[in-house]
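Residue numbers begin at 1 in each chain, while the letters A, B, ... track the order of the sequences. Here the structure is a predicted model, which is why all the values come from computation and not from measurement.
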There are 2 protein chains.
Amino acid sequence: MFKLSKKADYGLIAVKHLALHRGDHAFSANEIAEEYGISATLMAKVLQKLAHKSIVAAKHGSSGGYQLSKDPSQISALEVISAIDGPVLITSCVTNHGNCDATERCSVKEPLRRVNESILNVLSSVTIAQMSSEDPHEPSLVALRT
Amino acid sequence: MFKLSKKADYGLIAVKHLALHRGDHAFSANEIAEEYGISATLMAKVLQKLAHKSIVAAKHGSSGGYQLSKDPSQISALEVISAIDGPVLITSCVTNHGNCDATERCSVKEPLRRVNESILNVLSSVTIAQMSSEDPHEPSLVALRT
DNA sequence: CACATATACGACCGTTCTAGTCGCAGTTAT
DNA sequence: ATAACTGCGACTAGAACGGTCGTATATGTG
């Protein structure tokens, strides 16, 4: 019911960690997992997905690990989330791919599509760089114009 | 992964239906369910939840049914969704209720809280009345100020 | 070259959440 | 009184998610 998966959560934590330690050596999944008290194997799995989408770069071998492949200001929260959880769709039938058996009759499809768009806007406007800035009294990352 | 539950979907459909037929007789769960090809018992369950939160008013007995208890412009999508699915929280630990075992170390909690707030804003700014207006070329219900 | 250490990948379980059903009690119009 | 309807809670089946494990593979080091 409208919740981020834990894996996406972990992904954001990992990416933010890498952003804060940019320029340092590569971090192994183990290292990051220990830092936040998360299962190492699970963190590895999450990082694999991020590597697959080229958000982080994996380096094999001993003293290997992961590094950001882009600048933190160029990575949006949406990228990280959808890399792990797949595309963000608030309903199953916003994509017109006909999985909704009542496409004709369903009257809320179009309004929800617009809401979905708004949420995508919110998520894509938040960058990892913003999430890493420690400024706590920034009033609000995104505000609404009605 | 960030999806509206089907029940919330059905709830929105039902509320919108009632909004469009305001002033008519009360609609039974059966009637609405048939109209959209949805399981009647499930629709009944959804409407019960909406009635519990006083979004719709139930009328017992024969020729009974449901009616909106408020003006469609006074009902937000957020109200309907959270009535059915519970509070909208994108992570399990935004509420400070300490179910996150790594509250200290978790570095993404605060940024995500802000994102969550933005989404709540989006959802609460969309009313049933807006969803019922048939204007298709309204550019966007909500836009972003960055 | 051989070894230690790292990721890559996929199969695999247990638990939790969701969709959907059923039966019974309570309420109202006729 | 009775028929038709909702209210409500327990219940089942199935999918999704969180998390683990084992194996294959790549790489730096002695």
So, OP1 or OP2 of [N]: does either fall under 4.0 Å of a side-chain N or O from [X]?
X: B/Tyr10; N: C/dG20; answer: yes
X: A/Lys6; N: D/dG19; answer: yes
X: A/Ser39; N: D/dG19; answer: no
X: B/Thr41; N: C/dT21; answer: yes

Regarding A/Asp9 and B/Thr91, do their side chains bring together a donor and an acceptor under 3.5 Å, going by distance alone?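 Absent: no donor and acceptor within the cut-off.
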Does a side chain donor of either B/Asp71 or B/Ser73 reach within less than 3.5 Å of an acceptor in the other side chain? yes
Using atom [atom1] of [X] as one end and atom [atom2] of [N] as the other, report the distance to the nearest whole Å.
X: B/Lys49; N: D/dC8; atom1: NZ; atom2: C1'; result: 12 Å
X: A/Phe2; N: C/dC17; atom1: CZ; atom2: C1'; result: 17 Å
X: A/Leu42; N: C/dC13; atom1: CG; atom2: C1'; result: 15 Å
X: B/Leu50; N: D/dT6; atom1: CG; atom2: C1'; result: 14 Å
X: A/Leu47; N: C/dT7; atom1: CG; atom2: C1'; result: 10 Å
X: A/His52; N: C/dT7; atom1: NE2; atom2: P; result: 17 Å
X: A/Tyr66; N: C/dA6; atom1: OH; atom2: P; result: 12 Å
X: A/His25; N: D/dG28; atom1: NE2; atom2: P; result: 16 Å

Do B/Ser5 and B/Asp85 come within less than 4.5 Å of each other through their side chains, counting heavy atoms only? yes
Side-chain heavy atoms of B/Glu35 within contact of B/His17, under 4.5 Å: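 With C-beta onward as the side chain, the pair touches.
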Check if the side chain of A/Lys45 and the base of C/dT7 share a donor-acceptor pair of N or O atoms closer than 3.5 Å.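 No pair found.
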Of all the choices, D/dG18, D/dT6, C/dT5, which nucleotide is nearest to the side chain of B/Ser28 once you look at every atom? D/dT6
Quick one: CD1 on A/Ile81 to NZ on A/Lys7, what's the gap to the nearest 0.5 Å? 14.5 Å
Heavy-atom nearest nucleotide on DNA chain C for B/Lys59 versus A/Ala58: which residue maps closer to 5'?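 Between the two, 5'-proximity favours A/Ala58.
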Closest-nucleotide mapping onto DNA chain D: is A/His60 or B/Ala44 further toward the 5' terminus? I mean the 5' end.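 This one resolves to B/Ala44.
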